[in-house]
Amino acid sequence: MTSALKIGIAGGGVGGLAAAIALKAQGHDVTVFEQAKGFSRVGADINLTPNVVRAIDGLGAGASVRRLGARPTFRISRDWDTGQETSRLGMGDVAEQQYGAPQITIHRADILAALAEQFPIEQIRFAQRIRSLTQDDKGVQLAFEDGHQETFDVVIGADGIHSRVRTALFGEESPRFTGVVSFRSVVPTERVKHVPEIEAFTKWWGPNPQSQIVTFPLNQGRETFIFATTGQDSWTEESWTSEGDVNELRSFYKDFHPDACALLDACDTTLKSALYEREPLPQWSVGTVTLLGDACHPMLPFMAQGAGMAIEDAVVLGRCLAGVTTRADAERALKTYESARRERTAQIQIGSRGNQWMKTQGNADWVYGYDAWRVELPRA
């Protein structure tokens, strides 16, 4: 009997790295396989709400996240044409007092850097893409596109919405286009400092659920992130890096309040992408293989919980595998993990689809008050 499990993680994104840290802290032998050639400054900007920052604190990355990110003062909702405020929630000192952590807004590359500080870089294998997965009583076999194979006691699929681990477990399934496209831009805050409360996280609610503009600070407030969505009938590719047209962007929101339009006027470039989703999976695990983050619960960004749910998953997974040394016990532990997480992630997945979260003043405790380090785990 060995004293630790040999665990392979497919995907070196936010969820995969968080899981690697949590599992290594329990004494397991963890290797991360990432298809990119290395970490680079690509991807979207991420909103870490108090529940997520508290989870990151326990992983040891909280100080770096605070140093690299920005700290919005409030979460404000405004009506698209009148600018009337419909809700306000304290996200800085108020959230720190109420939930034990503030909201932090940060670029994906910066949170990856913060997490990577907590995990040995030599245990991350870059340029490694999984081709297939099989498992038997000897373990889980991963075959890679470069031709080599490795065997693990446990495999975690943290490989995103196009997860090959999920496909190996449950078969092919295409994500569904939601009929919503997004525009993402980052501008120097100096250009938009005349917009009231630019240091807050502000959502301008449009005339229909598909239409909105969201803005929040980045890079310690030196930059401002602008995220806008609108309806569109179809989309032929699934990409986060399609070049958009700023004139098209502005045209969709020309009737919005002048303060909202001023945000778009400051944009020189924008990235346009389609938003996809899947239905909540009824099962995440088979044998000693399980899923995490977007691999099992990809969600629309309207509750700002996509990355956060992956990080919560990672913390709970680490807790469930604490002290586990055999594959039989690991299989039971993965069922506990799935039971602990599936209902919450499905609730947030469906809530994000509805896009009504905090449109008017409401209670955010069920989201922001969740503590992945202390939540009671179901009995196996």
Side-chain angles (χ1 to χ4, degrees), residues 1-37 59 115-116 118-160 162-171 281 283-296 310-311 313-341 380:
M1 180 182 295
T2 61
S3 60
L5 295 170
K6 184 181 179 184
I7 300 177
I9 298 178
V14 172
L17 282 184
I21 297 165
L23 292 166
K24 185 176 183 298
Q26 299 297 344
H28 298 301
D29 178 11
V30 183
T31 305
V32 176
F33 299 94
E34 168 55 40
Q35 66 178 354
K37 295 180 179 179
L59 295 172
L115 292 170
Q118 305 299 317
F119 189 77
I121 192 68
E122 64 270 16
Q123 290 175 242
I124 303 175
R125 309 266 192 89
F126 291 103
Q128 293 291 320
R129 185 173 175 85
I130 292 173
R131 186 180 74 244
S132 63
L133 176 154
T134 57
Q135 61 179 317
D136 54 29
D137 57 3
K138 296 179 180 179
V140 185
Q141 294 81 41
L142 292 180
F144 296 85
E145 290 192 342
D146 65 3
H148 91 281
Q149 298 186 30
E150 297 191 38
T151 300
F152 296 90
D153 297 314
V154 173
V155 167
I156 313 300
D159 47 345
H162 297 297
S163 172
R164 291 195 172 186
V165 176
R166 185 194 60 243
T167 297
L169 296 182
F170 304 116
L281 279 178
Q283 180 182 354
W284 296 2
S285 309
V286 175
T288 58
V289 182
T290 196
L291 303 173
L292 178 153
D294 282 354
C296 49
I311 293 168
D313 286 349
V315 170
V316 173
L317 177 62
R319 292 177 59 202
C320 290
L321 285 169
V324 175
T325 59
T326 69
R327 292 191 69 230
D329 286 343
E331 183 170 354
R332 286 189 286 272
L334 295 185
K335 291 178 180 177
T336 299
Y337 154 70
E338 181 179 333
S339 296
R341 294 295 299 158

Which residues pass the salt bridge (Lys or Arg N to Asp or Glu O under 4.0 Å) test with [X], sequence neighbours left out?
X    : result
R341 : E312, D313
R125 : E150
E338 : R342

A side-chain contact here means heavy atoms from C-beta on lying under 4.5 Å apart; do [X] and [Y] qualify?
X    : Y    : result
I311 : V14  : yes
R166 : L169 : no
R327 : V140 : yes

Contacts of [X] that satisfy side chain to side chain donor-acceptor pair (under 3.5 Å) - sequence neighbours left out:
X    : value
T134 : Q141
D137 : none
D159 : S163
R164 : E145

Rounded at 0.5 Å granularity, tell me how far [atom1] in [X] sits from [atom2] in [Y].
X    : Y    : atom1 : atom2 : value
R131 : D146 : CZ    : CG    : 9.0 Å
L321 : Y337 : CG    : OH    : 10.0 Å
L142 : I9   : CG    : CD1   : 11.5 Å
W284 : L334 : CH2   : CG    : 11.5 Å
L59  : I21  : CG    : CD1   : 5.5 Å

Scan for side-chain hydrogen bond (donor to acceptor under 3.5 Å, both in side chains) pairs involving residues 6-34, sequence neighbours excluded, and state none if there are none.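 The answer is none; no pair qualifies.
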
T288 side chain to D153 backbone, donor-acceptor under 3.5 Å: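 Confirmed, T288 side chain pairs with D153 backbone.
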
If you take all heavy atoms of [X] and [Y], which pair is closest and at what distance?
X    : Y    : value
I7   : F152 : C-CD2, 3.6 Å
T336 : C320 : CG2-SG, 3.9 Å
A314 : A19  : CB-N, 3.3 Å
I156 : L23  : CG1-CD1, 4.4 Å
Q135 : V289 : NE2-CG2, 3.6 Å
A158 : G15  : CB-C, 4.5 Å

Write out all pairs satisfying ring-ring contact (aromatic ring centres under 6.0 Å, His included) with one or both partners inside residues 123-144, taking only residues at least two apart or from two chains.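 Only F33-F144, F39-F126, F144-H148 qualify under ring-ring contact (aromatic ring centres under 6.0 Å, His included).
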
Looking at L291, T290, V165, which hits side-chain contact (heavy atoms from CB on, under 4.5 Å) with C296?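 Passing option: L291.
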
Residues in side chain to side chain contact (heavy atoms under 4.5 Å, CB included) contact with A168, at least two apart in sequence or another chain: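 So A168 forms a side chain to side chain contact (heavy atoms under 4.5 Å, CB included) with L133.
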
